[in-house]
Colleague: 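Handing you a structure now.
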Amino acid sequence: MSRALARLAAPEFNLALTLNSGQVFHWLPHRNGFVGAIGDAPVYVEQRGDELRTNAKPQFVARYFALDHPLMDIYRTFPNDPTMSEALTFCRGLRIIRQPAWECLATFITSSMKQVAHIAQISHTLRRKFGKRLRLAEIELFAYPTVAALAKTSELELRKCALGYRAKNLLGTARMIANGEVELEKIRAMNDDDARAELCRFPGVGEKIANCVLLFAYERVRAFPIDIWIERVLRETYFARKRKITAKRLREFSQSYFGEFGGYAQQYLFHHARSTRKKGAR
DNA sequence: CTCCAGGTTCCGG
DNA sequence: CCGGAACATGGA
């Protein structure tokens, strides 16, 4: 495979960090890089310094990994405080990628109250069971199941994939899209608030998951998902020794304090907190 | 065994 | 608007 790899410039980018930061869940280590599907395309990609090598079309890969995002300009908008600075040092080169909307929405519906490792496991199970089989040389890969494919399964069948109570939500969402009740592409034209409200019409989608989808699939880089990790960071860092900080207050603070690239700041804080505080590092 | 994980929804103050 | 409880599953 290595003979046929195309090359593309990828300055200010850290592939491994980006793929392991909890925004996308199906890429697997392979040789010197990773294999995964970008939509229906089987992709191998590896990083050598400031360059990527891939079997796929360079522009296609560059778009997926958002290599056009002005990372240096984005960093300049980050607030200047110790916690944010540490996260930036730790996560430099992490990019918010452009995921297909349906795949991102469906994956985050299965993410509620689940560890990252388990979200990945569910993604692989669903792909293998209901997704299109793809081939990359000797490797077998699977696309995420289409809306139609999941819409015609059953709650029972999905529960067999360890979805638990999320099965009903995933199925209901697939059916709402399959019957035209909500059109994911129409959301692209909406402003952030309308888009968020539209996403919240799906069962199992509340503000947090809607914000993840806005950030990871609709390129709304201001969207600031607040999960338990981020909530801890906010409370401990910016509201230390304060009682009674409501969810509403946290939401308002994060929107104003982190600014126009709040979604980026959020992902850096999230990944840094998770990486440094799980292996007994505290 | 107990605790917790990239939450949402429903219900009673 | 706010706090609690129920909801499934598996890894630590």
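Chain A is the first sequence line, chain B the second, and so forth, proteins listed ahead of strands; every chain is numbered from 1. These values consider heavy atoms only, across backbone and side chains, with no hydrogens, waters or symmetry-generated copies. Predicted model, so just to flag it, every value in this text is computed and none were measured.
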Colleague: Can you work out whether A:Asp227 or A:Val205 has the more 5'-proximal nearest nucleotide on DNA chain B?
Modeller: A:Asp227
Colleague: Give the rounded distance in Å between these two atoms: CD of A:Gln115 and P of B:dC3.
Modeller: 15 Å
Colleague: Can you see whether A:Gln266 engages A:Tyr264 through a side-chain donor-acceptor pair at a distance of less than 3.5 angstrom?
Modeller: no
Colleague: Give the minimum heavy-atom separation between A:Asp68 and A:Arg95, together with the two atoms involved.
Modeller: N-NH1, 4.3 Å
Colleague: In whole angstroms, how far is the P atom of B:dC4 from the CZ atom of A:Arg277?
Modeller: 13 Å
Colleague: Look at the side chain of A:Gln266 and decide which nucleotide, out of B:dG6, C:dA8, C:dG10, has an atom nearest to it.
Modeller: B:dG6
Colleague: When you compare the side chains of A:Asn32 and A:Tyr44, does any donor N or O come within less than 3.5 Å of an acceptor on the partner?
Modeller: no
Colleague: Round to the nearest Å and state the distance from A:Arg196 atom CZ to B:dG7 atom C1'.
Modeller: 16 Å
Colleague: For the residue pair A:Tyr64 and A:Ile97, what are the closest heavy atoms and their distance?
Modeller: O-CB, 3.1 Å
Colleague: Looking only at atom P, what distance separates C:dA6 and B:dC3, rounded to whole Å?
Modeller: 16 Å
Colleague: Could you check whether atom CZ of A:Arg63 has more than 12 heavy atoms from other residues, nucleotides or ligands sitting under 6.0 Å from it?
Modeller: no
Colleague: Any donor-acceptor pair under 3.5 Å joining the side chain of A:Arg166 to the base of C:dA8?
Modeller: yes
Colleague: What is the distance from OH of A:Tyr165 to P of C:dC7, rounded to the nearest Å?
Modeller: 11 Å
Colleague: Determine the interatomic distance between P on C:dG3 and the same-named atom on B:dG6; round to the nearest Å.
Modeller: 23 Å
Colleague: Given atom CZ of A:Arg249 and atom P of C:dG3, what is their separation to the nearest angstrom?
Modeller: 14 Å
Colleague: Among C:dT9, C:dA8, B:dG6, which is the nearest nucleotide to the side chain of A:Pro225?
Modeller: B:dG6
Colleague: Nearest-Å distance, CZ (A:Phe202) to P (B:dT9)?
Modeller: 12 Å
Colleague: What integer distance in Å separates A:Ile122:CD1 from B:dA5:P?
Modeller: 16 Å
Colleague: Between A:Arg232 and B:dA5, is there a side-chain N or O to OP1/OP2 distance below 4.0 Å?
Modeller: yes
Colleague: With heavy atoms under 4.0 Å as the rule, sort A:Gly22 into base, sugar-phosphate or nothing.
Modeller: base
Colleague: Please report, rounded to the nearest Å, how far the P atom of C:dC1 is from the CD atom of A:Glu207.
Modeller: 11 Å
Colleague: Is A:Ile228 touching bases, backbone alone, or none of the nucleic acid, heavy atoms closer than 4.0 Å?
Modeller: sugar-phosphate
